[in-house]
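Below is one structure, written out as structure tokens, with a few remarks after it.
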Amino acid sequence: MSGALDDLKILDFSRVLAGPFATMLLADFGATVVKVERGGPGGTGDDTRSWGPPFDSTGQATYFQAVNRNKESLALDFADPADLERARRLAA
């Protein structure tokens with residue numbers, strides 16, 4: 001079954017809950033959503049990765065899982081010129 005947004009690609013630079021919830025809805029309707037999180041030294045990804053309880057049986061925060069379903073994930077360090085260029089290429 002195809003979704004209404006199958007031909008749409010979204011780069012999701014949002015974090016916490018509101019932005020990821022909005023892009024979750026786009027993914028649910030078929031868009032390809034790539035969640036871009038903070039990488040590099042000290043990079044923690046999205047803050048909700050550590051929010052809980054509740055946690056699942058593997059210790060992952062279910063807040064994060066709930067609003068980031070159906071997404072691809074990528075960690076980039078914008079202080080790294082190569083990662084910054086990768087983000088620009090993805091956006092183009």
Side-chain angles (χ1 to χ4, degrees):
M1 187 164 91
S2 63
L5 303 178
D6 281 351
D7 295 330
L8 189 62
K9 184 171 184 177
I10 306 289
L11 290 179
D12 178 4
F13 291 91
S14 66
R15 44 185 277 280
V16 187
L17 293 174
F21 178 75
T23 56
M24 175 201 74
L25 294 174
L26 296 172
D28 287 350
F29 283 103
T32 298
V33 177
V34 179
K35 178 165 183 68
V36 180
E37 297 184 68
R38 292 174 290 190
T44 58
D46 192 311
D47 299 324
T48 57
R49 282 187 175 275
S50 61
W51 285 12
F55 297 100
D56 71 7
S57 61
T58 66
Q60 294 185 28
T62 57
Y63 287 113
F64 178 83
Q65 293 175 342
V67 294
N68 289 291
R69 66 177 182 233
N70 298 325
K71 299 178 186 178
E72 299 173 27
S73 183
L74 177 64
L76 295 177
D77 177 4
F78 294 125
D80 179 334
D83 280 0
L84 188 56
E85 180 57 30
R86 185 170 183 195
R88 288 184 174 129
R89 281 194 316 271
L90 287 168

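All figures in this text were calculated on a predicted structure; none of them were measured in a lab.
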| Residue pair Leu84 / Phe78: nearest heavy atoms and the distance that separates them | CD1-CD2, 3.7 Å

| request: Please identify each residue that fulfils side chain to side chain contact (heavy atoms under 4.5 Å, CB included) with Leu17, with sequence neighbours left out. | output: Thr48, Trp51, Val67

| Same cluster (ILVMFWY, side-chain, under 4.5 Å), Leu26 and Phe21 | no

| field | Worked verdict on Leu5 versus Ile10 for side chain to side chain contact (heavy atoms under 4.5 Å, CB included) | value | CA-CA 10 Å; Leu5 303 178; Ile10 306 289; over 6 Å; no

| task | Taking atom CG of Asp7 as the centre, report whether more than 12 heavy atoms of other residues, nucleotides or ligands fall under 6.0 Å from it. | result | no

| said: I'd like to check the side-chain hydrogen bond (donor to acceptor under 3.5 Å, both in side chains) partners of Gln60; sequence neighbours left out, ordered by chain and number. | reply: Gln65

| note | Between the CG atom in Asp46 and the CZ atom in Phe13, the distance rounded to the nearest 0.5 Å is 13.5 Å

| remark: By side-chain hydrogen bond (donor to acceptor under 3.5 Å, both in side chains), Ser73 pairs with (sequence neighbours left out) Glu37

| message | Holding to side-chain hydrogen bond (donor to acceptor under 3.5 Å, both in side chains), I want the full list of residues that pass it with Ser57, two or more places apart in sequence or in another chain. | response | none

| field | Residue pair Ser50 / Phe64, side-chain heavy-atom distance below 4.5 Å | value | no

| query | So how far is it from Tyr63 OH to Asn68 CG, rounded to the nearest 0.5 Å? | reply | 14.5 Å

| All pairs passing side chain to side chain donor-acceptor pair (under 3.5 Å) where residues 8-34 contributes a residue, at least two apart | Asp12-Ser14, Asp12-Thr23, Asp12-Lys71, Arg15-Asp47, Thr23-Lys71, Asp28-Arg69, Asp28-Asn70

| request: Among residues two or more places apart or on two chains, list those pairs meeting salt bridge (charged side-chain N to carboxylate O under 4.0 Å, His left out) that have a residue in residues 72-83. | output: none

| request: Considering non-hydrogen atoms only, spot the tightest contact between Ala87 and Leu11 and give its length. | output: O-CD1, 4.3 Å

